[in-house]
Structure formats: C-alpha cells, structure tokens
Amino acid sequence: MSSAQHSTPAQLPADPGRGALVSHTLILAGRHLTKLRASPQIVVFSVLQPLIMMLLFMVLFAGAVSGSQSAYLQFLLPGMLAQNAAFMVTTVGQAINSDIDKGIFDRFRSLPIARPAPLIAHILGDLPRQAATTLALLAFGFCIGFRVHTDPLSVVLAVALVLLVSFAFSWIALTIGLIADKPESVNMLVMILLFPMAFGSNTMVATDTLPGWLQAWAKVNPVTHLTDAVRALLTGPASDSGSALGTTLLASAVILALFVPLAVRAFTRRL
C-alpha cells in the first residue's frame, strides 16, 4: 500500500439551520460594533460629511432655488436625509471585502455557522452608525433653522424609512464588496452604481426643473420617492406621503429580492 497520502479539499461544515441564524448573526454583529467602538473616527467622519455637504449645498443653491437659505433648508434637509441613505452604505462593502482580504473569512470555513449570518451581521452591525448619521443630520438641521410641521410620529416614521432604504442599499454595497478584488475598488464601484441614484433625483432641486431626459430617470428613481415621502412626513401634510411611501417600500422590496440572493451566492463562491 502506497505511503503517499492524497489530501482532499476542505469541506464547509454543514449549515446548522435557521434556528442558529439569529444567534450567529447577533454574535457577529457584536464584533462589528466592537470595531466601531475601537475606531470612533469612522463614526465621526460619517456624521461630519453629510453636515458639511448640506452647508455647502445651502450656500451654493439657496438663492437660485428658493431665494433664501431658511426656505431652501426646508426643501433640502429631507433630500439630504434621502441622499445619505445611498451614500452611507459604502462602508458595508468595504468592511466585508476587507475581512475577505485579511483572511478572516477563512476561519468561517471550519465553523458550523449559518451561511447568511456573516452577511446580515455586517449590515446590522453598521446600522447604529447609519442611525447616528441620520439623527445627527436631522438634529443639525433643527439647530440651523429647520422646522417640522407634522408630528413626532411622522418624524419617527421618516427616520425609519430612511434606515429601511439604507438597509436595502446595503445589500447592493455588500454584493459589490463580495465580488470586488480589493477593498480600494469597492468605494469606486459602489459610487458608480449609487451616484446616479443619489444625484439624479429631486434631493436638491425640484424634478420639473431638470432636463427632460433626467426627469424621466428621476421619476423612477427610488431616491426621488424616498425624498418625496420624507418631505411630506417632515414638512407636511403627512397624509401626502402615501403614494411615495408605498413606492419606496416596493422599491426596497425589489432591491432586496434582487441583491440578497446575489450576495448569498457571491459569498458562497468566495468561501
């Protein structure tokens, strides 16, 4: 009998099933929260960036769009909240690609872990940062003169809607992070995909002021419908948010239906 031994490819442990998905996801999400606590500059930068952008847009466009900064702020802030839902998901893709690049995911090969758990954990672990950024932008708006003309429940619903759309967009960033070769390329790829959604909308100017071809895109853009819903919920009347709210929820469901399976498939291939 030959003494030569032939190694066989390592096999992934059997998936422990749905019952373990929640516990595994929460454990891994805790790891991401620990990373945020260890790197507070990530949260600080995430909060400061949209504040600076909003001030810049107010200075540049207030006179041309609304005639005064106070009037334009009422129009701009809901749009910035919606736009930020697209921009703040980039770190999700970068984080998962960095884990793969550093070999952390190699450890998952030997663990009986629920397959989607690392993916969901990356998104859930980033939600506190996204929530902090959204609330800071809203609070800053209050400080410089923005006023809500509805009720507290509508404000809560507006914030929840922004985070829901951000959750859906996170799966886009996650998919890109799983297929990109290096963490450095993730930001560029995510921005190429989400930049037209963030700026090809009514976040900073009314849709009917855009060129005809851009109006056609803006009218089907999920960020436009999110902006309309948030504006109605914050500046009123809140009852006008119904159509935009329904379209936003439908668009989020479509994004999730497309990108969750793509992310899971890309993750399985990387393992």
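What you see is a predicted model, and the numbers here were worked out from it, not measured in a lab.
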Peer 1: Nearest 0.5 Å, please: how far is CG in Leu189 from OG1 in Thr175?
Peer 2: 12.0 Å
Peer 1: Take Thr227 and Val223 through the test side chain to side chain contact (heavy atoms under 4.5 Å, CB included) and record every step on the way to the result.
Peer 2: CA-CA 6 Å; Thr227 302; Val223 176; 4.1 Å; yes
Peer 1: Can you check whether Asp151 reaches Ser154 side chain to side chain, under 4.5 Å on heavy atoms?
Peer 2: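 Yes. Closest side-chain heavy atoms under 4.5 Å.
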Peer 1: Same cluster or not: Leu51 versus Phe45, using hydrophobic residues (I, L, V, M, F, W, Y) connected whenever any side-chain heavy atoms lie under 4.5 Å apart?
Peer 2: no
Peer 1: Output the distance between atom CG (Leu81) and atom CZ (Arg231), rounded to the nearest 0.5 Å.
Peer 2: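 If I round to the nearest 0.5 Å, the distance is 10.0 Å.
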Peer 1: Testing Val190, Ile192, Leu194, Ile96 for side-chain contact (heavy atoms from CB on, under 4.5 Å) with Ile176, which one passes?
Peer 2: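 Looking at Val190, Ile192, Leu194, Ile96, the match for Ile176 under the side-chain contact (heavy atoms from CB on, under 4.5 Å) is Val190.
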Peer 1: Determine whether a donor-acceptor pair (N or O, by modelled atom type, separation under 3.5 Å) exists between the side chain of Tyr72 and the backbone of Met204.
Peer 2: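 Pair found, side chain donor or acceptor close to backbone of Met204.
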Peer 1: CG of Asp228 to OG1 of Thr248: how many Å apart, nearest 0.5 Å?
Peer 2: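 Answer for the CG-OG1 pair, Asp228 versus Thr248, is 8.0 Å.
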Peer 1: I need the Asn221 CG to Asn202 CG distance, nearest 0.5 Å.
Peer 2: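 Reported to 0.5 Å precision, the distance equals 8.5 Å.
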Peer 1: Does Thr91 offer a backbone N or O that forms a donor-acceptor pair with the side chain of Asp126 under 3.5 Å?
Peer 2: no
Peer 1: Specify the closest pair of heavy atoms between Pro78 and Leu234, including all atoms of both residues, with the distance to one decimal.
Peer 2: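 Closest approach of Pro78 to Leu234: CG-CD1, 4.3 Å.
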Peer 1: Any non-hydrogen side-chain atom of Val148 less than 4.5 Å from a side-chain atom of Phe142?
Peer 2: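 With C-beta onward as the side chain, the pair touches.
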Peer 1: Do Thr203 and Met80 have side-chain heavy atoms sitting under 4.5 Å apart?
Peer 2: no
Peer 1: Measure across Phe75 and Ala206 and return the closest heavy-atom pair with its distance rounded to 0.1 Å.
Peer 2: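 Heavy atoms only, the tightest pair is CZ-N, 3.6 Å.
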Peer 1: Using the rule that two of Ile, Leu, Val, Met, Phe, Trp, Tyr join whenever any of their side-chain heavy atoms come within less than 4.5 Å, decide whether Met53 and Leu56 are in one cluster.
Peer 2: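 Same cluster.
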Peer 1: When you compare the side chain of Val47 with that of Phe140, does any pair of heavy atoms fall below 4.5 Å?
Peer 2: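 The answer is no, as the side chains (C-beta and beyond) never meet within the 4.5 Å cut-off.
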Peer 1: Determine whether a donor-acceptor pair (N or O, by modelled atom type, separation under 3.5 Å) exists between the side chain of Asn84 and the backbone of Thr133.
Peer 2: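 No, the answer is negative, given that no donor and acceptor are paired below the 3.5 Å cut-off.
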Peer 1: Just wondering, do Gln94 and Asn187 contact through their side chains at under 4.5 Å, heavy atoms?
Peer 2: yes
Peer 1: Can Val92 be reached from Phe195 by stepping across I, L, V, M, F, W or Y side chains whose heavy atoms are under 4.5 Å apart?
Peer 2: yes
Peer 1: Once the angle between the rings of Phe57 and Phe199 is folded into 0 to 90°, is it parallel (under 30°), tilted (30 to 60°) or perpendicular (over 60°)?
Peer 2: perpendicular
Peer 1: Quick check: closest heavy atoms across Leu124 and Ala29, and the distance to 0.1 Å?
Peer 2: CB-CB, 4.3 Å
Peer 1: Identify the heavy atoms of Asp208 and Gln215 that sit nearest to each other, and give their distance.
Peer 2: O-NE2, 3.4 Å
Peer 1: If we ignore hydrogens and angles and just use 3.5 Å, is the side chain of His149 paired with the main-chain N or O of Ala232 as donor and acceptor?
Peer 2: no
Peer 1: So, taking the atom named CZ in Phe146 and the one named CG in Leu77, what distance separates them when rounded to the nearest 0.5 Å?
Peer 2: 5.0 Å
Peer 1: Are Thr150 and Leu233 close enough that some pair of their side-chain heavy atoms sits under 4.5 Å apart?
Peer 2: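 Counting from C-beta outward, Thr150 and Leu233 never come under 4.5 Å.
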Peer 1: Okay, side chain of Arg269, backbone of Ile179: is any donor-acceptor separation there less than 3.5 Å?
Peer 2: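 No, the answer is negative, given that no donor and acceptor are paired below the 3.5 Å cut-off.
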Peer 1: Taking the side chain as everything from C-beta on, heavy atoms only, tell me whether Pro222 gets closer than 4.5 Å to Met197.
Peer 2: yes
Peer 1: If hydrophobic clusters are built from ILVMFWY residues whose side chains come within less than 4.5 Å, do Val59 and Leu137 share one?
Peer 2: no
Peer 1: Kindly work out whether a path of hydrophobic side-chain contacts (I/L/V/M/F/W/Y, heavy atoms less than 4.5 Å apart) joins Val156 to Val230.
Peer 2: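 The answer is no; the residues belong to distinct hydrophobic clusters.
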Peer 1: From Leu73 CG over to Met58 CE, what is the distance, rounded to the nearest 0.5 angstrom?
Peer 2: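 Those atoms lie 5.0 Å apart.
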Peer 1: Which pair of heavy atoms, one from Leu193 and one from Pro196, lies closest together, and at what distance?
Peer 2: O-CD, 3.6 Å
Peer 1: Got a list of side-chain donor-acceptor pairs under 3.5 Å for residues 159-173, not counting sequence neighbours?
Peer 2:
{"unit_1": "Ser166", "atom_1": "OG", "unit_2": "Gln130", "atom_2": "OE1", "d": "2.6"}
{"unit_1": "Ser170", "atom_1": "OG", "unit_2": "Gln130", "atom_2": "NE2", "d": "3.4"}
{"unit_1": "Ser170", "atom_1": "OG", "unit_2": "Ser166", "atom_2": "O", "d": "2.7"}

Peer 1: What are the two closest non-hydrogen atoms of Ser201 and Ala218, and how far apart are they?
Peer 2: CA-CB, 4.1 Å
Peer 1: Using a 4.5 Å cut-off on heavy atoms from C-beta on, say whether the side chain of Leu250 contacts that of His225.
Peer 2: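 Result no, sub-4.5 Å side-chain heavy-atom pair not found.
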